[in-house]
Trainee: 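After the structure tokens below, expect a handful of questions from me.
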Amino acid sequence: MAAWLIKSEPGKYSWEMLVHDRRTFWDGVRNYQARNNLQAMKKGDLCLFYHSVTGKEIVGVAKVVRSAYQDPTTTDDRWVVVDVAPGRAMKTPVTLADLKSDPQTCEMALIHQSRLSVSPVTAAEYKAVLKMGGVAGKQHR
DNA sequence: GCCAACGTTGGC
DNA sequence: GCCAACGTTGGC
């Protein structure tokens, strides 16, 4: 099982909206590198959910419930979406400053490539983020 | 609100 | 195929 990080401006689509919706398709990715990451996602993969611009923190973990398929919002077949559902919310949101200051997470793609909206996360990074968020050891349903 | 970083576009 | 111009993103 792989881990990823997806980000969104909360003003456009927030964690709270995902919790309310129960499930959504992750659209709007118009960057090849991010698209490639989306296509590599498999059902059951976990995605750290990051709020960019407002908040700048990881607020929860989303779960991939459907792997990549044609983006329904465009007829351009270069772009795909995945379906995600909310998993655990962070007990304590993990801020960008937190990630930068921890040696286990300061090399994350999020920090190195701030504009990449979908990026891979290593198992060690994922574990470290959950620990910082106060949800270490919790099982996802 | 500003600006740096980055990706994309289009002229040559 | 190169590179300048432009638009967008996101941290500050």
Side-chain angles (χ1 to χ4, degrees), chain A residues 1-138 140-141:
Chain A
M1 180 183 303
W4 309 89
L5 183 141
I6 56 178
K7 49 180 191 181
S8 177
E9 290 190 39
K12 291 176 182 166
Y13 194 84
S14 67
W15 170 255
E16 289 73 20
M17 289 163 86
L18 177 62
V19 170
H20 177 262
D21 291 347
R22 300 298 304 151
R23 177 184 181 133
T24 192
F25 54 87
W26 200 255
D27 67 323
V29 172
R30 294 293 182 270
N31 167 285
Y32 290 109
Q33 204 179 341
R35 190 276 314 267
N36 292 343
N37 291 331
L38 276 186
Q39 283 178 327
M41 286 185 186
K42 292 190 173 61
K43 190 178 172 181
D45 283 357
L46 299 168
C47 304
L48 298 173
F49 195 110
Y50 176 79
H51 278 170
S52 64
V53 185
T54 309
K56 285 170 289 177
E57 57 194 14
I58 294 170
V59 291
V61 180
K63 199 169 45 171
V64 177
V65 291
R66 183 179 171 186
S67 58
Y69 59 98
Q70 166 68 36
D71 186 337
T73 65
T74 177
T75 54
D76 189 333
D77 63 10
R78 291 177 301 171
W79 309 118
V80 299
V81 298
V82 297
D83 285 0
V84 294
R88 293 283 173 185
M90 291 292 146
K91 194 171 168 188
T92 310
V94 181
T95 67
L96 184 61
D98 292 337
L99 295 171
K100 281 181 178 172
S101 63
D102 190 307
Q104 282 191 284
T105 53
C106 66
E107 297 300 324
M108 286 176 73
L110 171 71
I111 295 159
H112 199 67
Q113 268 179 286
S114 67
R115 296 187 55 189
L116 183 59
S117 59
V118 182
S119 57
V121 173
T122 68
E125 287 163 351
Y126 180 77
K127 201 175 165 185
V129 169
L130 256 60
K131 191 176 177 186
M132 283 189 264
V135 291
K138 293 276 174 62
H140 294 276
R141 283 183 287 126

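Naming: A, B, ... by sequence-line order, numbering from 1 per chain.
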Trainee: Between D71(A) and R30(A), is there a side-chain N and carboxylate O pair less than 4.0 Å apart?
Mentor: yes
Trainee: Measure the OG-NE2 distance between S119(A) and H112(A) for me, rounded to the nearest 0.5 Å.
Mentor: 12.0 Å
Trainee: If you restrict it to nitrogen or oxygen atoms, what contacts under 3.5 Å exist between nucleotides 3-5 of chain C and the protein, and what is each distance?
Mentor:
none

Trainee: Test D83(A) against every option in R23(A), R22(A), K63(A), K43(A) by the salt bridge (Lys or Arg N to Asp or Glu O under 4.0 Å) rule and name the one that passes.
Mentor: R23(A)
Trainee: Of the residues in residues 31-38 of chain A, which ones touch DNA chain B at a heavy-atom distance under 4.0 Å?
Mentor: N31(A), Y32(A)
Trainee: Do you know the tightest heavy-atom contact between A85(A) and V65(A)?
Mentor: CB-CG1, 3.9 Å
Trainee: Could you tell me the separation between the CZ atom of R78(A) and the C1' atom of dT9(B), rounded to a whole number of Å?
Mentor: 12 Å
Trainee: Polar atom pairs between nucleotides 10-12 of chain C and protein, under 3.5 Å, N or O only, would you list them?
Mentor:
| unit_1 | atom_1 | unit_2 | atom_2 | d |
| --- | --- | --- | --- | --- |
| dG10(C) | OP1 | K7(A) | NZ | 3.1 |
| dG11(C) | OP1 | Y50(A) | OH | 3.0 |
| dG11(C) | OP2 | V53(A) | N | 3.1 |
| dC12(C) | OP1 | K100(A) | NZ | 2.8 |

Trainee: Measure the acute angle between the ring planes of F49(A) and Y13(A), then classify it against the limits of 30° and 60° as parallel, tilted or perpendicular.
Mentor: tilted
Trainee: To the nearest 0.5 Å, how far apart are CE in M90(A) and CD in E57(A)?
Mentor: 10.5 Å
Trainee: What distance separates I58(A) CD1 from I6(A) CD1, expressed to the nearest 0.5 Å?
Mentor: 11.0 Å
Trainee: As an exercise, state the distance from CG of N37(A) to CD of Q39(A), rounded to the nearest 0.5 Å.
Mentor: 9.5 Å
Trainee: Roughly how far, to the nearest 0.5 Å, is CG of D21(A) from OG of S14(A)?
Mentor: 9.0 Å
Trainee: Centroid separation under 6.0 Å, is that true for the rings of W79(A) and Y32(A)?
Mentor: yes
